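None of the values given here were measured: they were computed from a predicted structure.
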Amino acid sequence: MSAAPLFPGFDGLMTLSRREGVDIRPTLLRVLTDLYVQASAHSADEERQFVELTSRLIDEVDDATRAAVRARLAIYPATPARIMDKLGLRRVGPDQPMPAAAPAPAPAPSAPQAKIPTEAEQRMAASLAMRPNDAAELSDMFFAAGAKERVQILHNLQQTPLKAAARIPAARAARAIHILEMAAFAEDVDNFTRELGEALILPSRIAAEVVNDPGGEPLACAMRALEVSSAAFQRILMFLNPEAGSSVNYVYRLSRLYDRLSERSALVMLAAWRGSTMAVARAKYRSQLYDDERHRVRATSSQTRPVVLPGSASGIRNQKSGS
């Protein structure tokens with residue numbers, strides 16, 4: 001078969017890989033899939049070309065690559081039926097594509113008018129920073145909650161008067177996103193965690209808890225705080241943890257959550273993570289500092305000084321007078 005116009009040089013690369021002894025089939029399959037899902041629709045010729053090329057590769061790649069491609073195409077609404085059958089994917093209903101992430105439902109026209117705060121209320125709400133104990137309580141409650149409870153918490157944070165963390169500067173966020181994508185593609189969890197902590201100004205303990213959380217909601221908040229695109233977030237989900245990323249339900253559920261997650265909810269949660277570290281530090285050193293201060297006060301109060309009243313006989317004498 002001649003090289004397809006949509007993917008030029010495919011047969012040449014396959015021939016080169018066989019000649020040089022380098023297996024580039026897993027990389028080719030991932031690249032072909034990424035190129036195909038970038039467009040929302042394809043012509044019949046483009047779909048035929050994609051089916052012919054990927055069908056040749058799906059049976060020849062390793063299980064990890066096949067699982068990653070399967071997860072990528074499972075959330076793509078225009079995946080060809082032949083490829084879905086080959087990967088063992090099912091559509092929701094007969095002759096209907098898998099539904100894409102639905103946008104958040106629009107509120108009723110009268111509801112926002114009743115809840116619009118005044119300018120004074122907005123200024124007052126902007127100054128309600130979380131106390132360390134409240135931040136720690138919110139953070140612990142979020143990590144201990146289930147999937148449905150976490151979604152409800154994030155939904156409520158959008159309307160809370162608590163002060164959100166400041167936005168990450170655009171240049172810093174862009175650099176962090178680039179490094180995070182490369183670390184995820186290499187399955188380098190340690191460097192991914194380190195870069196995430198530096199970008200969001202989080203201690204290593206919190207950053208590791210966010211990355212290693214099995215539910216994935218904390219990672220979605222962290223990525224939303226950096227304004228990561230939906231496509232980049234899906235790639236991170238699939239490559240950072242291949243075992244979890246191979247689950248269609250896992251990737252699809254978090255993709256829907258990410259599209260609905262507001263920036264304010266993510267930044268409020270980021271402020272809670274930062275504030276919780278202050279609560280831990282205060283609890284660790286409060287008793288020791290309190291005792292030290294109390295002992296210091298007692299030692300100072302035990303030292304007495306002689307009191308000299310004006311006109312008393314204990315005044316300083318003049319040595320020249322001899323009296």
Side-chain angles (χ1 to χ4, degrees), residues 26-27 30-35 37-39 64-65 68-69 71-72 75 101 126 129-130 135 139 142-143 154 157-158 162-245 250-251 254-278:
T27 304
R30 296 195 184 202
V31 171
L32 291 175
T33 304
D34 287 339
L35 289 176
V37 300
Q38 286 179 3
T65 302
V69 172
R72 191 79 172 98
I75 59 177
M130 274 183 288
S139 178
F142 182 74
F143 279 113
L154 293 175
L157 288 181
Q158 188 173 357
L162 296 174
K163 185 177 181 180
R167 290 181 177 177
I168 308 301
R172 180 69 183 92
R175 176 181 176 275
I177 292 171
H178 179 67
I179 297 176
L180 291 172
E181 282 203 77
M182 291 192 300
F185 186 78
E187 301 177 14
D188 192 344
V189 180
D190 293 337
N191 281 332
F192 186 93
T193 305
R194 187 179 303 110
E195 179 62 28
L196 182 67
E198 294 178 357
L200 297 181
I201 318 178
L202 290 174
S204 57
R205 177 184 64 85
I206 298 294
E209 194 170 2
V210 169
V211 174
N212 298 323
D213 184 88
E217 292 86 0
L219 182 61
C221 290
M223 296 296 99
R224 177 59 72 192
L226 289 172
E227 285 300 305
V228 176
S229 64
S230 297
F233 177 64
Q234 293 172 6
R235 290 194 295 268
I236 290 174
L237 287 179
M238 290 186 295
F239 296 131
L240 181 62
N241 186 354
E243 183 178 356
Y250 176 82
V251 177
L254 290 178
S255 298
R256 286 176 59 89
L257 170 65
Y258 192 76
D259 291 338
R260 296 181 177 184
L261 181 60
S262 66
E263 180 189 23
R264 171 169 172 76
S265 297
L267 292 178
V268 172
M269 185 56 64
L270 176 60
W273 290 336
R274 292 174 179 174
S276 64
T277 60
M278 298 176 59

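- Taking CD1 of I177 as the reference point, atom CZ of R172 lies at 10.5 Å (rounded to 0.5 Å).
- Between A271 and A165, the shortest heavy-atom distance links the atoms CB-N, 3.8 Å.
- Nearest heavy-atom pair across A225 and L270 is CB-CD2, 4.3 Å.
- For the pair L196 and L226, the minimum side-chain heavy-atom distance is below 4.5 Å.
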Worked verdict on D213 versus L219 for side chain to side chain contact (heavy atoms under 4.5 Å, CB included): CA-CA 8 Å; D213 184 88; L219 182 61; over 6 Å; no
Working for side chain to side chain contact (heavy atoms under 4.5 Å, CB included), residues L157 and F142: CA-CA 11 Å; L157 288 181; F142 182 74; over 6 Å; no
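- Salt-bridge annotation for R256 and E217: absent, with no side-chain N of the basic residue lying under 4.0 Å from a carboxylate O of the acidic one.
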Worked check of side chain to side chain contact (heavy atoms under 4.5 Å, CB included) between F143 and V210: CA-CA 9 Å; F143 279 113; V210 169; 4.1 Å; yes
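- Nearest heavy atom pair, residue A220 against residue L257, reads CB-CD2, 4.5 Å.
- Distance check: S255 OG to R260 CZ gives 12.0 Å after rounding to the nearest 0.5 Å.
- Contact record, G197 with A207: CA-CB, 3.9 Å, taken as the closest heavy-atom pair.
- A 4.5 Å side-chain heavy-atom check between L202 and R274 finds at least one atom pair inside the cut-off.
- Between R167 and E263 there is a salt bridge, with a side-chain nitrogen of the basic residue lying less than 4.0 Å from a carboxylate oxygen of the acidic one.
- Within the 3.5 Å criterion, the main-chain N or O of L261 finds no donor-acceptor partner in the side chain of S265.
- The closest donor-acceptor contact from the side chain of T193 to the backbone of V189 lies under 3.5 Å.
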Residues E195, H178; criterion side chain to side chain contact (heavy atoms under 4.5 Å, CB included); working and verdict: CA-CA 10 Å; E195 179 62 28; H178 179 67; over 6 Å; no
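- Distance check, rounded to the nearest 0.5 Å: CZ of F185 to CZ of R30 gives 5.5 Å.
- Atoms CD and CG, on E187 and N241 in that order, are 8.5 Å from each other to the nearest 0.5 Å.
- Proximity of a side-chain donor or acceptor of Y250 to a complementary backbone N or O of L237 within less than 3.5 Å is not detected.
- Taking every heavy atom of both residues into account, A266 and C221 meet most closely at CB-O, 3.4 Å.
- Using a 4.5 Å cut-off on side-chain heavy atoms (C-beta onward), V211 and L240 make contact.
- In terms of heavy atoms, R224 sits closest to S262 at CG-O, 3.8 Å.
- The CG atom of D188 lies 11.0 Å from the CG atom of L180; values are rounded to the nearest 0.5 Å.
- With rounding to the nearest 0.5 angstrom, the CE atom of M182 is 6.0 Å from the CD1 atom of I179.
- Between Y258 and F233, the two ring planes are parallel [angle under 30°; tilted spans 30° to 60°].
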